[in-house]
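What follows is a set of notes on a single structure, which appears directly below.
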Amino acid sequence: MELASVKIVLGKYLEGETTVAEEAQLREYFSGDQVAPELEAYRPLFAYFSEARDERFTGQVPLKTRRFDYRWLSVAAVGVLMFGLYFGNRYREQREAEFAYNETRKALGMIAQNLDRGTEKVAYIAEFDEAKQKIYKN
Amino acid sequence: MTQNEFMQIVNPFKDKLYRLAKRLLISSEEAEDATQEILMKLWAGKKKMERYANVEAFAMTMTKNFCLDRLKSKQSGNLKLVHSNYTDGQTSLQKQVEVKDSLDWVGKIVEGLPEQQRLILQLRDVESYEFEEIEKMLDMKPTAVRVALSRARKAVREQLLEKHRYGIG
């Protein structure tokens with residue numbers, strides 16, 4: 001670039017009126033070794049911009065993928081456990097109740113049987129009573 | 001979206017996010033943290049991301065907001081970093097001739113600019129974004145962008161010329 005035009009573009013540059021392309025021209029001019037002595041002071045400015053754009057991000061990018069969340073597993077496990085306990089308990093209670101019912105029936109049945117046998121024997125008492133009446137009458 | 005697809009979208013501009021964060025936060029470590037945070041946020045909201053026409057501009061805006069928030073909370077927490085603009089006289093006098101040192105000097109000048117100007121200078125002169133893109137990213141009027149950019153450039157030039165006049169380099 002001609003010195004005259006460099007100065008014009010530089011003026012525009014300071015007013016914020018240059019295009020991206022013109023700014024690239026300025027950077028190129030000031031990176032060369034044909035820089036006019038009176039413009040030497042600008043050299044580090046454009047060198048700084050060129051250097052600044054070479055800086056790289058070297059950090060890691062720690063991306064979390066949506067892996068299976070094990071916390072939810074424990075929630076589900078507790079759910080299943082509660083469910084099991086509740087219905088298991090109900091089932092067990094029902095079994096116990098049936099067992100108790102059957103035992104009671106059996107016991108009552110035995111009582112009834114023995115009672116029958118008892119009343120058979122009581123029939124003799126009636127006989128005895130009859131006999132006693134006969135004796136009293138006579 | 002798989003991790004690979006995500007990285008393919010993000011890779012072209014993740015350095016830009018980092019550089020923007022560094023320009024605002026100054027410290028490399030903080031800028032790295034900020035960049036990671038932004039990438040993680042993008043990943044977490046990747047469903048939303050697919051709706052954006054320009055993911056890069058969106059990510060740049062996110063980074064800007066994130067860093068400005070950081071700076072704000074740092075100020076309110078009295079944890080503001082003090083950037084020493086002075087250089088150690090003895091050693092720097094010897095080194096001033098070196099190009100590296102003059103670049104550092106420009107860096108220091110840029111660090112001293114107001115956040116807004118630093119932001120715009122970064123987006124335009126380092127990343128070469130078009131004005132329309134910068135306007136969208138920063139939600140600013142075209143003239144406001146140009147004015148801030150011009151101020152930033154002139155401010156850097158002033159200090160640079162001063163340095164050039166009195167310095168050895």
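In what follows, every heavy atom counts, from backbone to side chain, and hydrogens, waters and symmetry copies are set aside. Residue numbers begin at 1 in each chain, while the letters A, B, ... track the order of the sequences.
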remark   = Okay, B:R146 and chain A: the region with an atom under 4.5 Å from a heavy atom over there is both
key: Atom CD of A:Q60: over 12 foreign heavy atoms under 6.0 Å   = no
Structural part of B:Y129 lying under 4.5 Å from a heavy atom of chain A = backbone
request  = Would you sort out whether A:R56 and B:K14 count as a side-chain contact (heavy atoms from CB on, under 4.5 Å), showing the intermediate values?
outcome  = CA-CA 8 Å; A:R56 296 277 175 267; B:K14 71 178 194 319; over 6 Å; no
inquiry  = Only pairs of heavy atoms separated by less than 4.5 Å count here; which of B:V10, B:T2, B:L39, B:V156 has the most with chain A?
reply    = B:L39
task = Take A:F57 and B:Q36 through the test side-chain contact (heavy atoms from CB on, under 4.5 Å) and record every step on the way to the result.
result = CA-CA 10 Å; A:F57 172 64; B:Q36 282 175 339; 3.9 Å; yes
query = Counting only heavy atoms not in A:Q34, do more than 12 sit closer than 6.0 Å to its CD atom?
reply = no
inquiry  = What part of B:R23 gets within 4.5 angstrom of chain A, counting heavy atoms only: side chain, backbone, both, or neither?
reply    = side chain
key: Test: B:K22 and A:E55 ion pair at under 4.0 Å   = yes
inquiry  = Shorter than 4.5 Å, heavy atoms on both sides: which option in B:K16, B:R124, B:M7 has the most such pairs with chain A?
reply    = B:R124
ask   = Distance-only, no hydrogens or angles: does the B:R19 side chain make a donor-acceptor pair with backbone N or O of A:R53 under 3.5 Å?
value = yes
query = Does CD belonging to A:E2 count more than 12 external heavy atoms closer than 6.0 Å?
reply = no
ask   = Would you say B:L138 and B:L68 are hydrophobically clustered, going by side-chain heavy atoms of ILVMFWY under 4.5 Å?
value = yes
Segment of B:V110 engaging chain A (4.5 angstrom heavy-atom cut-off) = side chain
ask   = Does CZ in B:R157 sit with more than 12 non-hydrogen atoms of other residues, nucleotides or ligands closer than 6.0 Å?
value = yes
query = What is the minimum heavy-atom distance between B:S128 and A:R27, and which atoms define it?
reply = OG-NH2, 3.6 Å
Proximity breakdown for A:T58 and chain B, heavy-atom pairs closer than 4.5 Å = both
key: Same cluster (ILVMFWY, side-chain, under 4.5 Å), B:M49 and B:M40   = no
inquiry  = Heavy atom to heavy atom, less than 4.5 Å: which residues from residues 13-20 of chain A reach chain B?
reply    = A:Y13, A:L14, A:E15, A:G16, A:E17, A:T18, A:T19, A:V20
ask   = Could you state the interatomic distance from CG (B:D125) to OH (A:Y48), rounded to the nearest 0.5 Å?
value = 10.5 Å
key: Same apolar cluster (I L V M F W Y, side chains within < 4.5 Å links), B:L121/B:F131   = yes
Identified side chain to side chain contact (heavy atoms under 4.5 Å, CB included) partner of A:E51 from the options B:V126, B:L103, B:V106 = B:L103
task = Would you sort out whether B:W105 and A:L45 count as a side-chain contact (heavy atoms from CB on, under 4.5 Å), showing the intermediate values?
result = CA-CA 9 Å; B:W105 180 246; A:L45 177 63; over 6 Å; no
query = Is the number of heavy atoms from other residues, nucleotides or ligands within 6.0 Å of NZ (B:K136) greater than 12?
reply = no
request  = Look at atom CZ of A:F128 and say whether more than 12 heavy atoms of other residues, nucleotides or ligands are closer to it than 6.0 Å.
outcome  = no
task = Please indicate whether A:E40 has more than 12 foreign heavy atoms, meaning atoms of other residues, nucleotides or ligands, lying under 6.0 Å from its CD.
result = yes
task = Would you give the length of the straight line joining atom CG of A:D54 to atom CG of B:D15, rounded to the nearest 0.5 angstrom?
result = 10.0 Å
message = Test of understanding: clusters of I, L, V, M, F, W, Y form through side-chain heavy atoms closer than 4.5 Å, transitively. Do B:L17 and B:Y52 belong to the same one?
response = yes
message = Would you say CG of B:D139 has more than 12 non-hydrogen atoms from neighbouring residues, nucleotides or ligands within 6.0 angstrom?
response = no
inquiry  = Starting from B:M140, can I reach B:L24 by hopping between I/L/V/M/F/W/Y residues whose side chains sit under 4.5 Å apart?
reply    = yes
Reported CZ-to-CD distance for the pair A:F49 and B:E127, which is rounded to 0.5 angstrom = 11.5 Å
